[in-house]
Amino acid sequence: MDTSPTPAPDTAHATPSRPGDPSTGSAPGSGDGGSASGASTTARTTGGARRATARRPSASGRAAAARTRAEDHETTGPDDLTDTTDTTGPATAGRRRRRTVLLLLGLTAVTSATALVLGLLSWAPDPPEPARPLTVSESDRLAAVRVTNLRDLRAGVRVTAGTDAARVELVGWVDWSRSLLYLDVGGPGAGAERGLLQKSGPVLVIRPDPAAVPTPAAPPLMPPADRWRLHRLTPGAHLAPVLDLLLDLAADRPDPTRTAPSSEARWIARDTAPAGPLDVIQAPLATGAPAASTAPGTPRAATPTPDGQTRYWLDQDARLHKLVTRLPGTGPVTVVFNREDRPTLRPVDALGGRPGLPRVLTDAEQRRLDRLPARLRAQGGATLTLTAPVGTDTNLRGAGWVSWTARTAYLAVADLGVPDRRTLLRRHVAGLARADLPAVAAGGGTAEAPARPPLPPPAGAWRVTRPGGDDLSVLVDAAVTAGSVGHRGAAVRIRDDVTAGRTVDVIEAGPAGARLRYWIDRGDGSLRRLELRTDVGAWAHLDLQPAVVPRLAANPRPANPRPAAPRPSAPRPGTR
C-alpha cells in the first residue's frame, strides 16, 4: 500500500477546456453530461499528476526553466508565446554562439589585414652582402671556366653588343672544341653582316640576307648550301672583338692569374638560374692567347683590354652562364649561355664541310681511286659548277664544261664583287687562256649563278699563260688531269657524304703543298666533286655532273706568252 501523501494537483499548468476541443470529451451546449465528463477528466489529471511526481524537477530546476521561458519570451516576441516548450532554449543558444563566432572571425580578419598592411609599409629588404675577395673555392672555379668550356665542347649563346643604332644581336652556338661559331646576326647595327655567319679559326664566311627581320633567331642546324662567301670584317668593326671574345673563352689549362694573391677578382652577389645557385664574380677578362679574327695577312681587331668591369655568373661546377663586359670600340656586351643547347654543328663547304675521322683506304676504296682516270676517260666529260672563295675580297662562281677525252675545259667565271663582268677561261694542252667581257656578252646569268660560256668562244683579247698559277688555275687543271694521270702522295679517307643524291667517299690525296679532295661515287665510281684548300684557308670546289660535252676549239696561240706566276712553295694550312 502506498502511504505517501497525495500531492495536490498542479493547477498552474492546467489548460482550460475550450468549446469544441475533442480532449474535453464534451460538446458545446452539453449540460450535466459536460459536468460528469469534467469530473472524470479531473480524476484522470489527478492520477497523471501522481504518476508524474517521480519525474518532476526540483524547485531550482523549475526556476531555471522559468527564467529560460522568460528569455525566450523576450527573444521571440509576441507571435511565439504560444510555443512554451523547453526545446527552444538550445536552438537560441546555438544561434547566439554562431553570432559570437562570426564576430570573432571578423575581428580576427580585420586585425590580420591591418597588421599585414602595416608590415608592408614598414618592410625593408635585407641589405645585400658586401663585395669581398674570393674564397679559395671561388678562385679555383673562376680559373677553371675556360677549361670547363673546352670540356663541355659547345653551348648555345645569345649576345647583345653595343647600344642604340649600333647594337648588334647574335643568336646561335659556339663550338670551343673546333673553334667554330655559327650565328644569326641581327640588330640595327648588323650592316653587311646581317644574316648567317660561320667562323672557323681565322676564316669567316657569311650568307648575307639584307631582307632579314631585325631580331635574329636560332639558325637552322643544317646550314643552307648556297650563297656563302668569304668575308673580311672592317678593321675596327665592333663585331670582330665580340667574335674573338666568344672563341677566347676556352683553354686547355686553368688560368694561373685567377688564383694569384694580387688578383683583382671580387665576389659581388648571388643569383639563381634553372641550373641552381650562381655566384656573380667581377674579374678582368682572361689574358690567354687570343684567336685570330681575320684571314692571314689582314690586321686583327684589337684584343679586349681588361677594365675591371667584367662580371661572370658561375655555378658550382665552374660553368659560365652569363658574361657582362665592355669591349673597346664596341661598348657594353652581354653574353648569355644555354649550357643544355649543345647540338653538333656542321661547317659549310667553304669551311671544309662536316668533319670526319681520317683513316687508311680500304681495298675497295683504293681500287676505285686507282680506276678513276680510266673511268673518267670512258665517261667523256661533265658539266662544271665552280664555287671558289680564293681571297677575303674574291669570291668566284662559274659554270662550264670539262672534256677528259680532249683534255680541255671551258667556263665562265664571275666575281661577286664585280657582278657585271665575266672572265672566260679556256684550259687546253697548250695552256690557259682568259678573256674579260661584259656579263651579257659572256653568257649572262647572275653573279651568284652565271650561265655557261657562249659557243663558239668569242673572238677577243685572250691572255694565254701556263697552267698552275693561282688557286683557280690549280683547281681547273686538276679537274682536267684527273682523267689522265694517277694520284701522287698518300691517300686517306676523310668521311662519307652525299651530293646530288649520291653517296660518295671523300678521299684526300696529292702532294703536301696541294692536297686535293676527290668525292668518288660509291655506285659507279665517277668523280662528283673536286675540292682544293686555297691560300686563305677556305675550300674551293668544282661540282661535276656527267654530260655530253660540246667540241671545244683549241686555244689561240699567244704572240708573247706570259710566264705563269710561281705558286707559293710554303705548305698549305693543315687540313681538317
Side-chain angles (χ1 to χ4, degrees), residues 198 200-201 203 205 223 225-230 295 346-359 361 365 368-369 372-373 376 382-391 394-400 402 404 409 411 413 425 427 467-468 470-483 485-500 502-522 525-546 567 571-576:
Q198 283 200 0
S200 177
V203 183
V205 294
D226 61 339
R227 296 171 48 200
W228 290 92
R229 62 181 67 182
L230 200 63
R346 175 167 182 164
V348 296
D349 291 338
L351 298 180
R354 181 169 55 87
L357 296 174
R359 61 167 174 78
L361 302 182
E365 293 164 351
R368 280 197 293 269
L369 181 63
L372 183 62
L376 294 180
T383 58
L384 296 177
T385 302
L386 170 71
T387 304
V390 297
T394 305
N395 291 273
L396 303 180
R397 304 289 188 267
V402 60
W404 288 298
L411 63 159
V413 180
L425 190 147
R427 196 306 189 170
D470 53 81
D471 289 321
L472 177 60
S473 300
V474 171
L475 188 61
V476 173
D477 186 63
V480 172
T481 58
V485 297
H487 308 283
R488 297 173 296 159
V492 294
R493 180 186 181 274
I494 303 298
R495 65 176 188 272
D496 60 2
D497 215 314
V498 177
T499 180
R502 308 285 294 185
T503 302
V504 299
D505 290 310
V506 181
I507 297 175
E508 190 172 283
R515 300 282 284 179
L516 294 167
R517 287 183 177 178
Y518 298 83
W519 292 40
I520 302 177
D521 194 318
R522 284 185 184 176
S526 62
L527 184 62
R528 296 291 176 172
R529 175 179 286 187
L530 191 63
E531 285 186 315
L532 170 71
R533 189 161 189 172
T534 64
D535 290 334
V536 296
W539 288 85
H541 60 267
L542 279 171
D543 286 310
L544 305 161
Q545 186 67 31
R567 188 167 181 79
R572 296 179 180 277
T575 60
R576 281 188 172 275

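By convention here, the first residue in the shown sequence is residue 1. All figures in this text were calculated on a predicted structure; none of them were measured in a lab.
Arg529 places none of its side-chain heavy atoms less than 4.5 Å from the side chain of Val504. The side-chain heavy atoms of Thr387 and Arg397, taken from C-beta on, include a pair separated by under 4.5 Å. Contact annotation: the side chain of Val536 never approaches that of Val203 to less than 4.5 Å [non-hydrogen atoms, C-beta and beyond].
Contact detail for Trp539 and Leu351: the closest heavy-atom pair is CD1-C, 3.7 Å. What you find for Leu527 and Ala482 is that their closest heavy atoms are CD2-CB, 4.2 Å. Closest heavy-atom contact between Gly525 and Arg368: CA-CD, 4.5 Å. Closest heavy-atom contact between Asp471 and Leu532: O-CD2, 3.6 Å. Taking all atoms of both residues into account, the shortest heavy-atom contact from Thr534 to Ala540 is CG2-CB, 3.9 Å. Nearest heavy-atom pair across Glu365 and Ile507 is O-CD1, 4.3 Å.
Atom CG in Leu411 sits 7.5 Å away from atom CG in Leu542 (nearest 0.5 Å). In this structure, Ile494 CD1 and Arg517 CZ are separated by 5.0 Å, a value rounded to the nearest 0.5 Å. Atom CG in Leu361 sits 7.5 Å away from atom CZ in Arg359 (nearest 0.5 Å). Separating the OG atom in Ser526 from the CD1 atom in Ile520 is a distance of 9.0 Å, to the nearest 0.5 Å. Here the CD-CG distance, from Glu531 to Asp543, works out to 8.5 Å after rounding to the nearest 0.5 Å. One distance of note links CD of Gln545 with OG1 of Thr385; it measures 8.5 Å at 0.5 Å rounding.
The salt bridge (Lys or Arg N to Asp or Glu O under 4.0 Å) check on Asp497 picks up Arg346, Arg495, with sequence neighbours excluded. Annotation: salt bridge (Lys or Arg N to Asp or Glu O under 4.0 Å) contacts of Arg528 (sequence neighbours excluded): Asp521, Asp524. Partners of Ala350 under the side chain to side chain contact (heavy atoms under 4.5 Å, CB included) rule, at least two apart in sequence or in another chain, are Val205, Val348, Pro389.
Each of Leu530, Leu386, Leu384, Leu425 was checked for a side-chain contact (heavy atoms from CB on, under 4.5 Å) with Val476, and the lone residue meeting it is Leu425. Residue Leu544 forms a side-chain contact (heavy atoms from CB on, under 4.5 Å) with just one option from Val402, Thr383, Thr499, and that option is Val402.
Judged purely by atom type and a 3.5 angstrom limit, Asn395 uses its side chain to pair as donor or acceptor with the backbone of Leu230. Arg354 places a side-chain N or O within 3.5 Å of a backbone atom of Asp496 that can act as its donor or acceptor partner. Side chain of Trp404 to backbone of Ala479: a donor-acceptor contact under 3.5 angstrom is found. Between the side chain of Thr481 and the main chain of Asp477, a donor-acceptor pair closer than 3.5 Å is present. Here the side chain of Arg515 pairs a donor or acceptor atom with the backbone of Gly510 at under 3.5 angstrom.
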### Query
Could you go step by step and tell me if Trp228 and Gln198 meet the side chain to side chain contact (heavy atoms under 4.5 Å, CB included) rule?
CA-CA 9 Å; Trp228 290 92; Gln198 283 200 0; 4.1 Å; yes
